[in-house]
Enquirer: 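Below is a structure I'd like to ask you about.
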Amino acid sequence: MNQTLAVWLLIALALVSANLPFLTERVLTVLPWKRGAVVKPFWLRMVELLLYYAIVMGLGFAFEAALGNPFAQGWEFYAITLSLYLVLGYPGFVFRYLFKRHPVARAD
């Protein structure tokens with residue numbers, strides 16, 4: 001795999017995984033949420049988002065190690081990548097919490 005393909009694959013995976021917690025009612029897209037409430041709470045969506053971030057970062061480090069020299073990163077790198085990851089998840093957040101869904105009127 002060349003470097004360009006790895007970068008685009010990682011960006012696409014980050015875009016999809018950043019929006020997954022907001023688009024599904026399943027925990028980690030596998031386990032059904034069967035608690036008292038019908039919808040997952042916001043804190044659980046944030047935990048999922050951070051877990052997906054860790055998975056994407058791990059895959060990014062694996063790509064970097066496979067393609068060449070891995071570089072040591074400071075806290076600034078993680079702060080910036082987490083911020084970018086949250087920006088990638090903004091469309092899912094808007095769809096879940098800010099998009100007004102009006103009930104459809106039926107013509108009987």
Side-chain angles (χ1 to χ4, degrees):
M1 173 182 312
N2 65 9
Q3 185 176 4
T4 304
L5 178 63
V7 168
W8 282 108
L9 183 64
L10 196 63
I11 291 172
L13 180 67
L15 179 64
V16 170
S17 66
N19 287 294
L20 273 179
F22 301 108
L23 299 179
T24 67
E25 292 301 324
R26 294 180 168 266
V27 178
L28 299 174
T29 66
V30 178
L31 306 170
W33 178 254
K34 299 268 187 185
R35 302 289 188 247
V38 175
V39 296
K40 286 189 301 190
F42 182 73
W43 65 267
L44 184 58
R45 293 185 197 277
M46 290 298 105
V47 169
E48 279 184 284
L49 190 70
L50 291 175
L51 185 63
Y52 285 139
Y53 169 72
I55 291 170
V56 169
M57 289 299 293
L59 188 61
F61 287 136
F63 282 163
E64 184 182 23
L67 293 173
N69 261 2
F71 293 98
Q73 304 296 341
W75 68 269
E76 297 93 347
F77 172 79
Y78 298 104
I80 290 169
T81 56
L82 180 60
S83 299
L84 288 173
Y85 193 78
L86 292 174
V87 168
L88 286 175
Y90 187 68
F93 177 83
V94 168
F95 180 75
R96 169 65 58 190
Y97 294 108
L98 302 178
F99 190 64
K100 300 284 185 194
R101 294 185 196 108
H102 299 289
V104 177
R106 294 186 179 191
D108 291 323

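Just so you know, these numbers come straight off a predicted model, no measurement behind them.
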Enquirer: Give, for atom CG of Leu84 and atom CG of Leu88, the distance between the pair rounded to the nearest 0.5 Å.
Expert: 7.0 Å
Enquirer: Looking at residues at least two apart in the chain, or sitting in another chain, which of them share a side chain to side chain donor-acceptor pair (under 3.5 Å) with Ser17?
Expert: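 Listed in chain order: Tyr85.
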Enquirer: Return the CZ to OG1 distance between Arg45 and Thr24, rounded to the nearest 0.5 Å.
Expert: 7.0 Å
Enquirer: Rounded to the nearest 0.5 Å, what's the gap from CZ on Phe63 to CG on Leu13? Could you check?
Expert: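 Here the interatomic distance stands at 8.0 Å.
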Enquirer: OG1 of Thr81 to OH of Tyr53: how many Å apart, nearest 0.5 Å?
Expert: 2.5 Å
Enquirer: So which atom in Phe71 and which in Glu64 form the shortest heavy-atom distance, rounded to 0.1 Å?
Expert: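 Closest approach of Phe71 to Glu64, heavy atoms only: N-OE2, 3.2 Å.
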Enquirer: Phe61, Leu10: one ILVMFWY side-chain cluster at the under-4.5 Å cut-off?
Expert: yes
Enquirer: How about Tyr97: does its OH atom have over 12 heavy atoms from other parts shown lying under 6.0 Å from it?
Expert: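 Buried by this count: over 12 neighbours within 6.0 Å.
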Enquirer: Would you kindly confirm whether Val56 and Trp8 end up in one hydrophobic cluster when ILVMFWY residues are joined by side chain heavy atoms under 4.5 Å apart?
Expert: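 No, because Val56 and Trp8 fall into different hydrophobic clusters, even though each may have its own neighbours under 4.5 Å.
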Enquirer: Measure the CD1-CG distance between Ile55 and Leu50 for me, rounded to the nearest 0.5 Å.
Expert: 11.5 Å
Enquirer: Report yes or no: does Gln3 contribute a side-chain atom to a donor-acceptor pair with the main-chain N or O of Leu67 at less than 3.5 Å?
Expert: no
Enquirer: Between CE of Met57 and OH of Tyr78, what distance do you get to the nearest 0.5 Å?
Expert: 5.5 Å
Enquirer: Would a 4.5 Å heavy-atom cut-off, applied to side chains only, mark Phe22 and Tyr90 as touching?
Expert: no
